[in-house]
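The structure appears below as structure tokens.
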Protein chains: 2
Amino acid sequence: MLELRLVQGSLLKKVLEAIKDLVNDANFDCSATGFSLQAMDSSHVALVALLLRSEGFEHYRCDRSISMGMNLGNMSKMLKCAGNDDIITIKADDGSDTVTFMFESPTQDKISDFEMKLMDIDSEHLGIPEAEYHAIVRMPSAEFARICKDLASIGDTVVISVTKEGVKFSTRGDIGTANIVLRQNTTVDKPEEATIIEMNEPVSLTFALRYMNSFTKATPLSNTVTISLSSELPVVVEYKIAEMGYVRFYLAPKIEEDEDETKPQV
Amino acid sequence: MLELRLVQGSLLKKVLEAIKDLVNDANFDCSATGFSLQAMDSSHVALVALLLRSEGFEHYRCDRSISMGMNLGNMSKMLKCAGNDDIITIKADDGSDTVTFMFESPTQDKISDFEMKLMDIDSEHLGIPEAEYHAIVRMPSAEFARICKDLASIGDTVVISVTKEGVKFSTRGDIGTANIVLRQNTTVDKPEEATIIEMNEPVSLTFALRYMNSFTKATPLSNTVTISLSSELPVVVEYKIAEMGYVRFYLAPKIEEDEDETKPQV
DNA sequence: TGCAAATCGG
DNA sequence: CCGATTTGCA
């Protein structure tokens with residue numbers, strides 16, 4: 001028996017908006033710890049990891065660990081039927097091949113329940129090692145989204161370069177080149193507008209903008225985003241979910257070509 | 001060496017939105033006087049003239065007159081990457097075949113630079129004589145845009161007729177006819193809502209609405225538009241750019257056919 | 001039906 | 001000034 005009651009149902013709606021374009025089908029893993037998901041995107045290039053800790057739910061009952069395969073498109077369709085301030089409860093009976101989403105309007109005047117068939121999905125659950133990163137950039141998520149969108153109108157890939165002074169996003173395309181530099185700025189009153197750079201050593205990595213722009217679908221989940229970079233390691237783009245956990249996206253850097261002209265230089 | 005710093009960068013963004021649909025490629029001419037452009041539209045029917053006077057720039061350095069051929073679509077793409085209250089600087093080195101657009105966010109925390117290849121464009125720079133017009137109508141630009149859009153849903157051409165009493169916009173199409181009359185009104189408190197008619201002699205001219213509706217893309221540049229009419233002269237549709245200059249569109253009238261039914265009468 | 005532009009509200 | 005919503009267009 002599984003029963004997870006989430007008062008801020010809009011969180012779950014946003015989570016699905018954030019990942020459903022990247023991943024079609026995935027197993028949600030439910031244990032005493034929390035509600036989580038780990039899946040490769042459909043082209044097996046990027047990886048999504050979601051965690052919603054049990055403490056973030058108003059009520060969390062999970063008698064035994066269970067893995068539930070869902071079609072995220074269909075799940076998203078159902079969650080769209082929930083109001084933004086509905087309370088959402090996820091329910092599943094032991095051995096059942098369905099999951100039920102229950103939506104309660106704030107006034108309790110409207111109670112909906114949507115039942116969805118589960119799927120069998122084989123998933124290789126990857127252990128993702130905690131790694132040391134050469135540089136970690138924390139910045140406003142809206143700004144990151146804007147930069148990825150702007151650069152995608154010029155080129156296909158972005159070079160992210162971090163130095164102590166700031167972070168530079170560069171691209172190059174048929175019509176020209178673009179460089180966007182953000183200075184470190186911690187002095188603002190509002191911490192969510194700060195750009196903070198923790199750097200152990202300078203790093204410069206190239207990524208496909210197409211994936212970055214998928215990741216930024218998670219922008220509504222958090223005012224800030226954290227980008228963790230190391231040479232030869234996948235970048236981690238993390239959106240924290242207040243009080244509950246995170247959505248993290250992993251993407252391997254493109255191997256740099258030897259011709260200097262193919263990419264902008266630091 | 002060229003370096004033009006425009007504090008109100010949104011002006012340049014709006015200028016490109018206003019003209020990029022009409023003109024694909026054009027030479028921007030930069031001299032001590034200012035930054036200007038003159039180009040025929042791609043079907044060689046209408047003419048666009050832009051002037052941004054040097055006094056309107058915060059910093060204006062243009063060592064020697066230079067003509068820079070740009071693809072306006074690509075230039076517009078790059079300017080879309082500037083924030084609406086960014087400061088925009090246009091830079092070009094002598095003899096370089098590229099131009100650089102630099103965008104500074106108001107807080108100076110984000111500095112972007114976009115480099116674009118220049119093109120070789122042959123352009124016949126027409127001297128446009130100052131002419132005496134039979135009638136000059138000044139009216140709210142939004143109202144003019146609305147009229148052109150409305151009339152285009154009925155017919156293909158507009159007859160603009162000016163008398164002392166007012167200005168009439170007429171069209172005729174398969175489904176019927178339309179006449180919109182604006183009375184002269186100078187009495188309003190707000191001068192940008194006035195409709196002012198200076199008339200030396202009555203005039204009635206026919207124009208293709210397709211072009212008029214392209215011209216109205218410049219509406220965001222100014223609250224008012226000035227329409228200058230003379231028989232046998234191209235109409236001038238002018239949007240003033242505060243403190244800096246103008247965008248002017250020129251369009252030859254259609255030669256009137258002899259059948260009375262082909263056009264509405266005054 | 002889905003996307004983009006315009007408008008309104010925060 | 002930006003974001004969200006609504007509306008019109010393809």
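Proteins get letters first, then strands, A, B, ... in listed order; numbering begins at 1 in each.
Evaluation of the side chain to side chain donor-acceptor pair (under 3.5 Å) test over residues 144-156 of chain A, restricted to residues two or more places apart or in two chains, returns R146(A)-D150(A). Legend: side chain to side chain donor-acceptor pair (under 3.5 Å) pairs involving residues 107-116 of chain A, not counting sequence neighbours, sorted by first then second residue: E104(A)-Q108(A), S105(A)-T107(A), T107(A)-D109(A).
Extent of DNA chain D lying under 4.0 Å from chain B heavy atoms, first and last nucleotide in 5' to 3' order, is dC1(D) to dC2(D).
Applying the side chain to side chain contact (heavy atoms under 4.5 Å, CB included) criterion to P234(B), with sequence neighbours excluded, gives Y250(B).
Comparing K149(B) and N84(B), the nucleotide of DNA chain D nearest to each residue sits closer to the 5' end for N84(B).
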Side chains of residues 76-84 of chain A: which donor-acceptor pairs under 3.5 Å do they make with residues two or more places apart or in other chains?
| from | atom 1 | to | atom 2 | distance (Å) |
| --- | --- | --- | --- | --- |
| S76(A) | OG | E17(A) | OE2 | 3.1 |

Run the side-chain donor-acceptor check on residues 40-50 of chain A: report pairs under 3.5 Å with partners two or more places apart or on a different chain.
| from | atom 1 | to | atom 2 | distance (Å) |
| --- | --- | --- | --- | --- |
| D41(A) | OD1 | H44(A) | N | 3.3 |
| D41(A) | OD1 | V45(A) | N | 2.6 |
| D41(A) | OD1 | A46(A) | N | 2.6 |
| D41(A) | OD2 | S43(A) | N | 3.0 |
| D41(A) | OD2 | S43(A) | OG | 2.5 |
| S42(A) | OG | L22(A) | O | 3.4 |
| S43(A) | OG | Y211(A) | OH | 2.7 |

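We find that CG of D21(A) is positioned 10 Å from P of dC3(C), with the value rounded to whole Å.
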